Amino acid sequence: MGADNNLSDAGLGDLKEMETVGSSDGVSIVVQAEFSPKYSAAAGITDSQTGRVLVAKGVNSLTTATMIGTVDMASPAALTAFITWAKTTYPAQHYALVVWDHGNGWKERTLSSPLRGAVQDETSGNFMSLPDLAKGVSDSGVHFDIINFDACLMAMYEVAYEFKGLTDYMTFSEHNEPGEGDPYDTILGALAANPQMTAPSLASTIVDKYDQFYTSNNRGGTTKSAVDMSKLTTLDTKLLALAAALKNDGASSAVVQLAQSNTQEYSLPTNHDLWHFSDYLANSAAGTAVKTAAADVKTAVASMVINNQTNGADMANSHGLAIYLPSASQTNAQDLGSYALLASNKTVRASATNTW
């Protein structure tokens, strides 16, 4: 929980939600958190020290946490160290990792530093990149049943691909998340009531409880989805086939531009829902190869997304996974250079002989 920023009070609120459930014989709720004295002084936060705690029911975790100094929570080494410590200290049969903080898909909003993913540490002045997030997980040697991003704009093909081989399921949001984020009281309450819950059941529960909370507490349009990472290779294959079909179809450029203007997008307008984009191509492209390939991508997305919930008419065409699809005016050489560093690009580029 990287709350050394303007989400600090929201982080304290989520910690209190966890404390309403607390750890038990079946479930260990283990947190590493850092809060901000700038934003949470009224709540008694006087410094940006980092604490680790086993959350107990009805106990103020701030009073029982072990302080480990001022840690750069945006460092992949800090993520690795937390995972290693948590597994060693509280071993379990199954592991779920929640990454809590600001998020922005594969990139940050400013053009000066585009390669950012999630977890901001204001004291350190850092924001962890998507490749560094995956490195932090990979270096721990722990394979997760679930990785849940309680952060904005993380439900992307590029994000999922970065964690390929590191987790069985992922949960995240295509759109911005409200400041309250996930409802930890109801999610953990369901898990505590059934600690034998399977990974797909817990992933789906996270989505359902999130949706139920924002259905009852309207914060505007919301999205949350869960994906089966075993289906990622098939999706990747179908997506590359669609790219090849578009590249070989001389008339496809105009259709792609229309799709960019007429399919679901988010607070970053370069992010489009992948199923909706493919559906537009399948219905509007002139070439049979493009239509067939687009239909195959739709099928692959539907197979990979095991639960998808939306709130608000403006999010109705969200199907669980977005993808980076900028127009020429929405990107630049720096963006594309950073995008090429993502795992979803490096795998293809390693064997590619063409430059486009």
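Source: prediction; values computed, not measured. Numbers here are sequence positions counted from 1. Below, all heavy atoms of this structure are taken into account, side chains as well, without hydrogens, waters or symmetry copies.
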Counting only pairs under 3.5 Å, give me each side-chain donor-acceptor contact of residues 37-45, with atom names and distances, residues two or more places apart or in other chains.
{"unit_1": "Ser40", "atom_1": "OG", "unit_2": "Ser8", "atom_2": "OG", "d": "2.7"}
{"unit_1": "Ser40", "atom_1": "OG", "unit_2": "Asp9", "atom_2": "N", "d": "3.4"}
{"unit_1": "Ser40", "atom_1": "OG", "unit_2": "Asp9", "atom_2": "OD1", "d": "2.6"}

Atom pairs and distances, side-chain donor-acceptor, residues 284-292, under 3.5 Å, sequence neighbours left out:
{"unit_1": "Ser284", "atom_1": "OG", "unit_2": "Tyr280", "atom_2": "O", "d": "3.1"}
{"unit_1": "Lys291", "atom_1": "NZ", "unit_2": "Ala285", "atom_2": "O", "d": "3.3"}
{"unit_1": "Thr292", "atom_1": "OG1", "unit_2": "Thr288", "atom_2": "O", "d": "3.0"}

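Proximity of a side-chain donor or acceptor of Asn248 to a complementary backbone N or O of Ala244 within less than 3.5 Å is detected. Within the 3.5 Å criterion, the main-chain N or O of Met73 finds a donor-acceptor partner in the side chain of Asp121. With hydrogens and angles disregarded, a donor-acceptor distance shorter than 3.5 Å links the side chain of Thr167 to the backbone of Tyr169. The closest donor-acceptor contact from the side chain of Thr237 to the backbone of Thr233 lies under 3.5 Å. Between the side chain of Ser140 and the backbone N or O of Thr84, no donor-acceptor pair lies under 3.5 Å. In this structure, Thr223 contributes its side chain and Glu174 its backbone to a donor-acceptor pair below 3.5 Å. Without hydrogens or angle criteria, Ser261 side chain to Gln257 main chain gives a donor-acceptor distance under 3.5 Å. Side-chain N or O atoms of Asn308 include one that pairs as donor or acceptor with a backbone N or O of Ser318 at under 3.5 Å. Without hydrogens or angle criteria, Thr80 side chain to Gly136 main chain gives a donor-acceptor distance under 3.5 Å. Formation of a donor-acceptor pair under 3.5 Å by the Gln330 side chain with backbone atoms of Ser327 is found in this model.
Looking at heavy atoms from C-beta onward, Phe144 lies out of side-chain contact with Asp168 at the 4.5 angstrom threshold. You'll find the side chain of Lys57 stays beyond 4.5 Å of the side chain of Glu19, heavy atoms only. Annotation: side chain of Val55 is not in contact with side chain of Val30 (no heavy-atom distance under 4.5 Å). The shortest side-chain heavy-atom distance between Ile206 and Asp182 falls under the 4.5 Å cut-off. Using a 4.5 Å heavy-atom threshold, the side chains of Ser225 and Phe172 count as touching. In this structure, the side chains of Val119 and His102 stay at 4.5 Å or more apart for every pair of heavy atoms. In this structure, Asn176 and Tyr266 have side chains that are not in contact, with every pair of non-hydrogen atoms separated by 4.5 Å or more. Inter-residue side-chain proximity for Thr263 and Asp273 is flagged as unmet; no heavy-atom pair is nearer than 4.5 Å.
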| field | Intermediate values then yes/no, side chain to side chain donor-acceptor pair (under 3.5 Å), Asn126 and Ser124 | value | CA-CA 5 Å; Asn126 287 332; Ser124 301; 5.1 Å; no
| message | Apply side chain to side chain contact (heavy atoms under 4.5 Å, CB included) to residues Leu97 and Asn148 and explain how you reach the verdict. | response | CA-CA 6 Å; Leu97 173 68; Asn148 171 37; over 6 Å; no
| Asp208 vs Asn307, side chain to side chain contact (heavy atoms under 4.5 Å, CB included): CA-CA, chis, key distance, verdict | CA-CA 8 Å; Asp208 286 339; Asn307 194 2; 2.9 Å; yes
| Does the pair Trp100 and Asp14 meet the rule for a side chain to side chain contact (heavy atoms under 4.5 Å, CB included), with working shown? | CA-CA 10 Å; Trp100 182 107; Asp14 281 344; 2.7 Å; yes
| task | With side chain to side chain contact (heavy atoms under 4.5 Å, CB included) as the test, would you mind laying out the steps for Phe149 and Leu133 before giving the verdict? | result | CA-CA 11 Å; Phe149 274 103; Leu133 281 162; 4.1 Å; yes
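If you take CE on Met229 and CD1 on Ile306, they are separated by 12.0 Å, rounding to the nearest 0.5 Å. The distance from atom CD1 of Ile29 to atom CG of Leu54, rounded to the nearest 0.5 Å, is 8.0 Å. Here CG of Asn5 is found 4.5 Å from CG of Asp101. Values are rounded to the nearest 0.5 Å. One finds the CG atom of Asp211 at 9.0 Å from the OG atom of Ser216 (value rounded to the nearest 0.5 Å). Rounded to the nearest 0.5 angstrom, Tyr339 OH and Thr270 OG1 are separated by 10.0 Å. Here the CG atom belonging to Asn271 is positioned 11.0 Å from the CD atom belonging to Gln264, to the nearest 0.5 angstrom.
Note on Val31 and Ile68: separate hydrophobic clusters, where clusters join Ile, Leu, Val, Met, Phe, Trp and Tyr whose side-chain heavy atoms are under 4.5 Å apart, directly or indirectly. Residues Val305 and Ile147 fall within the same hydrophobic cluster, defined by Ile, Leu, Val, Met, Phe, Trp and Tyr side chains chained together at heavy-atom separations under 4.5 Å. Residues Leu281 and Val301 are members of one and the same hydrophobic cluster, defined by side-chain heavy-atom contacts under 4.5 angstrom among Ile, Leu, Val, Met, Phe, Trp and Tyr. The cluster map of Ile, Leu, Val, Met, Phe, Trp and Tyr, joined by side-chain heavy atoms under 4.5 Å apart, puts Leu325 and Leu130 in the same cluster. Criterion: ILVMFWY side-chain heavy atoms under 4.5 Å apart, direct or through other members. Under it, Val255 and Trp275 are part of a common hydrophobic cluster.
A pairwise comparison of heavy atoms in Ala295 and Ala282 identifies N-CB, 4.2 Å as the closest pair. Smallest separation of non-hydrogen atoms from Met170 and Ala160: SD-CA, 3.8 Å. The two atoms that bring Met154 and Ala118 nearest to each other are CE-CB, 4.1 Å, heavy atoms only. Closest heavy-atom contact between Pro91 and Thr88: CD-O, 3.7 Å. Of all heavy-atom pairs between Ala259 and Phe277, the closest is CB-CE1, 3.4 Å. The minimum heavy-atom distance between Pro195 and Ala193, with the atom names listed, is CD-C, 3.7 Å.
Within 6.0 Å of NZ in Lys164 there are more than 12 heavy atoms belonging to other residues, nucleotides or ligands. Residue Lys238 qualifies as open at atom NZ: its count of foreign heavy atoms under 6.0 Å is 12 or below.
Taking the side-chain contact (heavy atoms from CB on, under 4.5 Å) definition, one finds that Thr66 meets it with nothing, sequence neighbours left out. Under the rule for a side-chain contact (heavy atoms from CB on, under 4.5 Å), the partners of Thr20 that lie at least two apart in sequence or sit in another chain are Asp185.
In this structure, Tyr214 shares a hydrophobic cluster with Tyr210, Phe213, the cluster being traced through Ile, Leu, Val, Met, Phe, Trp and Tyr side chains under 4.5 angstrom apart.
Among residues at least two apart or in separate chains, side chain to side chain donor-acceptor pair (under 3.5 Å) pairs with a member in residues 191-201 are Thr198-Ser201.
Side-chain contact annotation: Tyr184 with Asp150, donor-acceptor N/O pair under 3.5 Å present. Side-chain contact annotation: Tyr90 with Ser23, donor-acceptor N/O pair under 3.5 Å absent. Defined by atom type and a distance below 3.5 Å, a donor-acceptor pair is present between the side-chain atoms of Thr70 and Gln49. Side chains of Asn311 and Gln309: no donor on one and acceptor on the other come within 3.5 Å.
Here Arg219 does not pair with Glu177 in a salt bridge; the nearest charged N to carboxylate O distance is not below 4.0 Å.
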